[in-house]
Amino acid sequence: MEWFMSFPHLDNGSLTALKKAIDSGFRDFTRAWGGAIETFFDPVKWFLIHTERFMTTTPWPIVLGLIAALVWFASRSWRITLGSVATLLVIGFFDMWDDTMKTISMTFVSTVLSIVIGIPIGIAMSRSNRVQALISPVLDVMQTMPSFVYLIPVVMLLGIGKVPGLIAVVIYAIPPIIRLTNLGIRLVDKDVLEAADAFGSSGWQKLRNVQMPLALPTIMAGINQTIMMALAMVVVASMIGVQGLGQPVLKAIANQYFTLGVFNGLAIVGIAMIFDRASQAYGKRLQKHQEVVHG
Amino acid sequence: MAEHGIPIEVRDLYKIFGPRGADFVDAVRAGMSKAELNEKHGHVLGLKDINIRMPAGGIQVVMGLSGSGKSTLIRHINRLIDPTAGEVLVGGEDVVRMDARQLREFRRHKTAMVFQKFALLPHRTVLENTVYGLEIQGLPRSRQEEEARRWIDRVGLSGFENHYPNQLSGGMQQRVGLARALTNDAPILLMDEAFSALDPLIRVDMQTVLLDLQKEIRKTIVFITHDLDEALRLGDRIAILRDGEIIQQGTGQEIVLRPADDYITSFVAEVNRGRVILARTVMRPLAGEPPAGPSIGADEVLETVARTMTGASVSQACAVDAAGKPLGILDIHDVIGAMVSTQAPQHV
């Protein structure tokens, strides 16, 4: 009756052999291809380094002014703009400016990357049920797999540093933009699409004139989600050497520095709120044409 | 400028909805009914043996209740729906045989469509919506706007160019739909229950707009409706559709005076016959000198005839053709009799 009391499993020897085989297989792959893959990601690295250099070496009043201007153009709201400036001033006053700039640049680059990769994938998914059936489970895995797990192969492949961190962040943050692009396009009013067909639109004209503009509010919601998830993951990615507000948090956990942890945590909350309010207000502004309804 | 209409001919058109529609065309030709097809094979008979000739520059109305297949039929003309069998000849060209690129060119240049639910782009202003067809054709922006502004003005929306559809009433939105279609300057105008979603007064208003425009543009208009009054007011020719089959076609007067079956009889019973029957239908042959008093056009409807005759206090008048040549004698008793009777006039 032993099989009843304890689950019959693979014997330890073969289990170890299996794990070893997979590990060594992956290690061989890493040795053979690691260099090539690193070269492949060089442009991203370049983009990342320059963004970060710009954010950290530009004098803080200029950066502050730039962020304020960006928030203003996105939201057209004094309340949100002033709130953002005040938040950044407090962060700087508590000596977290440099780390915050690093986190912002990392979030910015990974969001841009997620949008550039995610929207075309979302469009492809919306056009074919087969592609959707293929990609959906992949997105499910990406969203449910504990993020620490896919840090391991990324580190094995690319080592510790910014680029592997960026990849981990993008893997974690890209599903919402893909899903909501797909959803947004699929929800476009069939009558309007038929009208576009009736006037002889090509597939590309339909996408550009009808599907993308009408899906835009949904896509903006996806971008907002992506930003938030990127920001959350930037902190986790500090474990593999991503610099920024995550590093002090990690130090605080290791050494039980309560105040250090809370300060940096609050700084992350602060920039999350800036990103969120600005991008949401922008999304709402895009739908201005829907506000004024005929009585 | 304005391109006048070209003729459309629909020949032996069948549409069977379902994955294996083509397999059942012969069975349906041999007499399988809609119910039997659905029950035995799970396919839906959309259209059966449709034959219509639509002359260039006229308004062809297709009338039927919901589920009759009228919206399916109009979508075959620009092939938004592919037929299961049959031909759709537009200006001699078979739309069914076109490949994707030819079809796109055909839709860009030969047809324009107005939709029941307007189907305007909500994120574009009235002007930006109106230029849509020309934008797709790739015309220079200045030409697009010039044309669009002209038609926006013609449908009475001047001053609203920069409004969004959401800011307009239903009637105004459909004016945008009409302007968008007319700006395309295609010889064929397809109108799928274009006025059905509008309030009755606005609907009549839009009918007037369309009839006024048609005098000038002379497009071939295919107009779908479920409203017999609308069909009679607009249609040069009317085809009545039921369960995917045409049960009668002809002029409004022909349908009202000689309904093909009980179904159509019950339809036309409520019609204001005075607005359908023409003077030439009830006039008596000329015998000797035409009577004194007003001359009345032979193609006036009886309502107008009765108004003219009672206004002039005469009981007899002379019906004349467009050139003023006497054609027959109108007697007020015949005129009023034909307006209130449900029988066809005797001497027709």
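The basis for the numbers below is simple: all heavy atoms, side chains too, and nothing from hydrogens, waters or symmetry mates. First the proteins, then the strands, lettered A, B, ... as listed; each starts at 1.
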Give a yes or no on whether [X] atom [atom1] has more than 12 heavy-atom contacts from other residues, nucleotides or ligands under 6.0 Å away.
X	atom1	answer
B/Arg143	CZ	no
B/Phe17	CZ	yes
A/Lys206	NZ	yes
A/Lys102	NZ	yes
A/Tyr282	OH	no

*Select all residues of residues 90-111 of chain B having any heavy atom within less than 4.5 Å of some heavy atom of chain A, and report them by number, or 'none'.*
B/Arg104, B/Arg107, B/Arg108, B/Thr111
_Non-hydrogen contacts under 4.5 angstrom with chain A: give the residues of residues 128-141 of chain B involved, or none if there are none._
B/Tyr132, B/Gly133, B/Glu135, B/Ile136
*asked:* Contact between A/Leu214 and B/Pro122 at the side-chain level, heavy atoms closer than 4.5 Å - yes or no?
replied: yes
*Quick one: are B/Phe115 and A/Asp191 in side-chain contact, heavy atoms under 4.5 Å?*
no
_Separation of A/Asp189 CG from B/Leu120 CG (nearest 0.5 Å)_ = 10.5 Å
_Interatomic distance, B/Arg75 atom CZ to A/Glu194 atom CD [nearest 0.5 angstrom]_ = 4.0 Å
*Return the option, out of B/Leu121, B/Thr125, B/Asn78, with the maximum number of heavy-atom pairs under 4.5 Å with chain A.*
B/Leu121
*Interchain contact, B/Arg79 with chain A, by part (heavy-atom threshold 4.5 Å)*: neither
*If you tally heavy-atom pairs under 4.5 Å against chain B, which of A/Asn209, A/Val192, A/Asp197 wins?*
A/Asn209
